[in-house]
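Accompanying notes for the structure given below.
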Amino acid sequence: MSTPTPTDPAGAPTPARHRHLDPSAPSGPRPLASWGAGISLALFAFFLRVWRLGEPREFSFDETYYAKDAWSLAHFGYVRKATEDANDQILSGQTTGVWLDEPSLTVHPDVGKWMIAAGEKLFGMDPFGWRISAAVIGSLMVLVMFRLVLRLTGSMLLGAFAALLLCFDGMHLVLSRLALLDIFLSFWILCAVAALVADRDWTRARMARWDGTGDWGPLRGLWWRPWRLAAGICFGLAIGVKWSALYPLAAFGILVWLWDAGARRRLGVRMAVLRSALVDAVPAFGYLVVVAGLVYVASWGGWLANAHEYEENLSSTQYTGFVKEGPDCKHVSDDDATWPTATEPDASGPAELVQSLRSLYHYHRDLYTFHTHYLNCSEHTYQSDPRGWLLVNRPVGVNVENNIAPGTQGCDAAPDSHCLRQVLLIGTPVLWWGGAVALIFAAVMWVGRRDWRYGVAVVGTLTLWLPWELNDERPIFSFYASAFLPFLVIALALAAGHLLGPDRGPSRRRTLGTIVVGSFFLLVLLNFAWFWPIWTNGLLTHSEWLDRMWFQRWI
């Protein structure tokens, strides 16, 4: 796409002497038109995600943990254990007498569960209530994606292209219709990166006004970074959903330092990387790491207010389970599980907060032990190898109702066959396969052309994908890849922009690019329509279901 004259946030043209500061940062179209388009796309995504949201009317997959944990948080301030028949009682409309007085050892932080709890508070403790928050957040991701790609490219066409690709991905669709944590993780990471990209534009617009005095480059007006503060808050919330958000926080923290150093180098600052380390990277650490840490601790407010419950009931509970020692699994008991705070007298005032924070530290130590030791010997039918995620190697069966007899529930199968309903957590294959190619192209463009925009896609994908390769001894699932799906979509949008070329008028390149990009989008749309029933619990005959199981490993 063509690159308009860069402007600052107020619309003032960048001084001509500094337009070279960021030639790849185009200005977007009129705000009213762009926001209207983005909101329309989000509403369309919401319609797809809220349609028959309450079906199937049961706890699907890990909803059995997170939906109940969320209700417990909203009503007690911390997660309590539930009775053995809690699922049946809840589905029958009973929510009293379901939770015990003893706290539960949850294996993930609370932010995602608090977000699920908001839907339960508004709509009740039923499948629609515990899924509606995910539907809203998944739809908002479409809006954020549109705005981010619009900022990266200056093109509403490419922004809409990226937003619709995200909207039409099956994994994103299903996670937007379930009370799982991954959609919330993906949302907050995407928001954080979008804020960092906005900060890049905001900062360079101000750097471009520099009068050229001083050896360090522009300093005044750059200490207050509202977009970077927003990014720190979003990263803190992302880590408060799942710890895996720590990796992109670290990587993008380094990347924004290099962005600032590159801007100073373009202005002629000598030893720009070292000087930027002091005047840019140190404040960035505060905005990102310190702010994210404070937000993360604050997200445990309910836990901290009820720390005495955990000290009395959980801290003396010893871990027992299987850990891996060499090729074998050995049953062990952790004799060192008691928290020191459990034997201390109750404190009050500031001392109580300090004691609660110490207990929270020991709680985190136990969670880390659980994730790194006691999962290594367990197995799951749907676990997958991260190396095959981009190729859609192994989906996850969320729910299935099998052997529906012909003539019942509208089943029109042959007398010797049957029908079934399924919710399968699998991405739109054409999109993911195209995303794998686009990711390679993005890496080449980032390194070869030094186009920073492709770095956003590459860094976001790798930091949310490669760490799972380092921890692949435990059961891991392909839907963890949903966290880096937005960055694959960004890579696809940037590749589409490259194929279309900079000329808006007719040309051979633009014609071929339009054919390739249009054909890819059409294939994604057709693929999405074909797989729709197995994402939304649709009724299929057995043969129709097999037509959608393209590979044996999908069954």
List, one per line, each side-chain donor-acceptor pair under 3.5 Å for residues 119-127, sequence neighbours excluded.
residue	atom	partner	partner atom	Å
E120	OE1	W71	N	3.0
D126	OD1	F128	N	3.2
D126	OD1	G129	N	2.7

Counting only heavy atoms not in Y65 (residues, nucleotides, ligands), do more than 12 fall under 6.0 Å from its OH? no

What orientation do F252 and F235 show, parallel under 30°, tilted 30 to 60°, or perpendicular over 60°? tilted

Which pairs of donor and acceptor atoms, one on a side chain in residues 106-117, lie under 3.5 Å apart (sequence neighbours left out)?
residue	atom	partner	partner atom	Å
T106	OG1	Y363	OH	3.2
D110	OD1	K113	NZ	3.4
K113	NZ	H108	O	2.8
K113	NZ	P109	O	3.3

Is the shortest heavy-atom distance from the side chain of F61 to the side chain of V396 under 4.5 Å? yes

I'd like to know if the side chain of R264 and the backbone of A272 have a donor-acceptor N/O pair within less than 3.5 Å. no

Do the side chain of S359 and the main chain of Q355 share a donor and acceptor less than 3.5 angstrom apart? yes

Is the side chain of Q89 donor-acceptor paired with the backbone N or O of A86 at a distance under 3.5 Å, no angle test? no

Applying side chain to side chain donor-acceptor pair (under 3.5 Å), name anything that partners D169, two or more places apart in sequence or on another chain. W432

Run the side chain to side chain donor-acceptor pair (under 3.5 Å) test against S40 and tell me which residues pass, sequence neighbours left out. none

Using distance only, find each side-chain donor-acceptor pair of residues 178-188 under 3.5 Å and give its atom names and separation, not counting sequence neighbours.
residue	atom	partner	partner atom	Å
D182	OD2	K242	NZ	3.0
S186	OG	S482	O	3.3

Looking at R228 and D280, does any basic side-chain N land under 4.0 Å from a carboxylate oxygen? no

More than 12 heavy atoms of other residues, nucleotides or ligands under 6.0 Å from OH of Y247: yes or no? no

Donor-acceptor pair, distance only, cut-off 3.5 Å: does the side chain of R177 make one with the backbone of A134? no

Indicate yes or no for a side-chain donor-acceptor contact from Y287 to the backbone of R225 under 3.5 Å, with no hydrogens or angles considered. yes

Checking salt bridge (charged side-chain N to carboxylate O under 4.0 Å, His left out) for the pair R204/D199: CA distance, chi angles, key distance, verdict? CA-CA 8 Å; R204 292 192 166 215; D199 172 76; over 6 Å; no

Heavy-atom nearest pair, W99 first then S72, reads NE1-CB, 3.8 Å

Got a donor-acceptor contact below 3.5 angstrom from the T461 side chain to the V458 backbone? no

Centroid separation under 6.0 Å, is that true for the rings of W243 and H364? yes

In terms of side-chain heavy atoms, does T64 have a donor or acceptor partner in N87 at a distance below 3.5 Å? yes

Short side-chain to backbone donor-acceptor contact, R206 and L222, under 3.5 Å: no

For R49, check salt bridge (Lys or Arg N to Asp or Glu O under 4.0 Å) against everything at least two apart and list the hits. none

Checking R200 against W227: charged group under 6.0 Å from the ring centre and within 45 degrees of the axis? no

Close side-chain approach of W465 to F484, heavy-atom, < 4.5 Å: yes

Take E309 and R80 through the test salt bridge (charged side-chain N to carboxylate O under 4.0 Å, His left out) and record every step on the way to the result. CA-CA 10 Å; E309 296 286 350; R80 292 185 179 183; 5.9 Å; no

Output field: ring centroids W130/F59 closer than 6.0 Å: yes

Looking at S104 and K81, would you say the former's side chain and the latter's main chain have a donor-acceptor pair under 3.5 Å? no

